[in-house]
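For reference, the structure is listed below as structure tokens.
Just so we're clear, the structure is a prediction, and the values are computed from it rather than from any experiment. No hydrogens, no waters, no symmetry mates; every other heavy atom, side chains included, goes into these values.
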2 protein chains.
Amino acid sequence: MRDVQQNRLDEWKAQGFDPTACPVRQVLDHVAAKWTMLILLELANGPARFNALGRALPDISKRMLTQTLRDLERDGLVTREVFPTKPPSVEYTLSPMGQSLLSAMDGLFDWANDNFDHIKQARDVYAQG
Amino acid sequence: MRDVQQNRLDEWKAQGFDPTACPVRQVLDHVAAKWTMLILLELANGPARFNALGRALPDISKRMLTQTLRDLERDGLVTREVFPTKPPSVEYTLSPMGQSLLSAMDGLFDWANDNFDHIKQARDVYAQG
DNA sequence: GTTGCTAGTCTCATTTAGAGACCTTATGTC
DNA sequence: GACATAAGGTCTCTAAATGAGACTAGCAAC
């Protein structure tokens with residue numbers, strides 16, 4: 001008997017392995033994008049401007065910050081608003097869909113906290129053997 | 001009032017932004033690894049051998065299949081067993097920790113299926129504007 | 001007039017990923 | 001006996017993604 005995830009992968013296979021046809025894969029690409037989740041987590045704190053995000057995540061380059069924010073905006077997870085101040089400022093806000101994605105990630109965040117030590121142990125063992 | 005995720009990011013910040021000190025980030029790197037989850041999903045179906053995995057995921061290169069399996073083995077999410085057949089065969093199996101990671105991802109898989117259409121719509125709108 | 005802030009863009013170097021040839025040992029086919 | 005095929009990879013070369021950091025414009029404060 002197959003479980004739920006397997007069925008999803010099978011569905012995707014049935015569609016000819018087109019990565020753009022697999023929702024899980026598309027969303028994983030997002031989650032995968034290295035900076036996506038960290039930006040969303042930061043925005044969960046409230047709207048923030050470009051440089052504020054850069055300061056909050058000091059090891060992201062401006063290049064990737066711009067690119068990731070564009071991707072998030074394109075997919076409707078974040079909204080971008082320009083204010084006509086001098087100089088103009090830009091504010092990024094989590095959309096309802098962005099918030100729901102963050103909620104959906106909660107199980108994974110919990111797992112990460114619960115199992116990180118196990119992973120580190122496994123790495124030590126592997127390094128020995 | 002801050003929510004749960006924000007506290008986690010703040011904790012990580014308090015530790016000096018060392019990526020290796022942030023469980024969420026470490027696990028995200030795994031989820032991020034593009035092939036990790038697809039391999040785990042395939043193994044959820046039961047143990048599989050190297051070339052069987054390659055056939056199940058036809059768009060992965062041998063190079064990345066090897067590398068991803070090594071990472072999963074190192075972190076204790078998958079076990080590798082060599083059988084002394086001729087030629088020797090190698091079987092990969094989901095560990096209990098790997099299974100629990102997959103369970104933790106369930107919320108995200110559901111979200112992906114529920115929201116993929118919204119994302120596609122958002123992309124269309126963005127492409128117009 | 002010099003510096004700093006805004007939100008980026010642009011170029012170049014490094015890192016990572018992908019494609020595919022190649023390896024060893026053994027089996028079945030002709 | 002020669003030839004193709006299978007196993008589970010490794011190796012090299014190329015292509016794509018990423019990171020570091022210089023540079024931009026317009027305006028305010030010193």
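Between Trp35(A) and the phosphate of dT18(D), there is no side-chain N or O to OP1/OP2 separation shorter than 4.0 Å. A sub-4.0 Å separation between OP1 or OP2 of dG8(C) and a side-chain N or O of Arg70(A) is present. In terms of phosphate contacts, Lys34(A) brings a side-chain nitrogen or oxygen within less than 4.0 Å of OP1 or OP2 of dG19(D).
Rounding to whole angstrom units, CE of residue Met64(A) and P of dT16(C) are separated by 13 Å. We find that CG of Leu69(B) is positioned 15 Å from C1' of dT10(D), with the value rounded to whole Å. Protein atom CD1 of Ile60(B) is 14 Å distant from nucleotide atom C1' of dT16(C), rounded to whole Å. Atom CG of Asn51(A) and atom P of dT9(C) are 13 Å apart (whole Å). Rounded to an integer number of Å, the gap from Arg63(B) CZ to dA16(D) P is 15 Å. Protein atom CD of Gln67(A) is 15 Å distant from nucleotide atom P of dA16(D), rounded to whole Å. Following rounding to the nearest Å, Arg80(A) (CZ) and dT6(C) (P) show an atom-to-atom distance of 15 Å. Here the P atom of nucleotide dC22(C) and the NZ atom of Lys62(B) are 14 Å apart, to the nearest Å.
Between Thr36(B) and the choices Leu41(B), Thr68(B), Asp71(B), the side chain to side chain contact (heavy atoms under 4.5 Å, CB included) rule is met once, by Thr68(B).
Contact detail for Arg49(A) and Ser89(A): the closest heavy-atom pair is NH1-CB, 3.5 Å.
As judged by a 4.0 angstrom heavy-atom cut-off over every strand, Tyr92(A) is placed among residues touching the sugar-phosphate backbone only. Within 4.0 Å (heavy atoms only), Ser89(B) reaches sugar-phosphate atoms of the nucleic acid but no base atom.
Tyr92(B) and Phe83(B) sit in two unconnected hydrophobic clusters of ILVMFWY residues. Membership requires side-chain heavy atoms under 4.5 Å apart, directly or through other members.
With Asn113(B) contributing its side chain and Phe109(B) its backbone, the two residues share a donor-acceptor pair below 3.5 Å.
Distances were taken from every side-chain heavy atom of Ser61(B) (C-beta onward) to each of dA19(C), dG8(D), dT25(C); the shortest belongs to dA19(C).
Between the side chain of Lys86(A) and the base of dG26(D), no donor-acceptor pair under 3.5 Å is found.
Arg123(A) has a carboxylate O that lies under 4.0 Å from a charged side-chain N of Asp75(B), or vice versa, which qualifies the two as a salt bridge.
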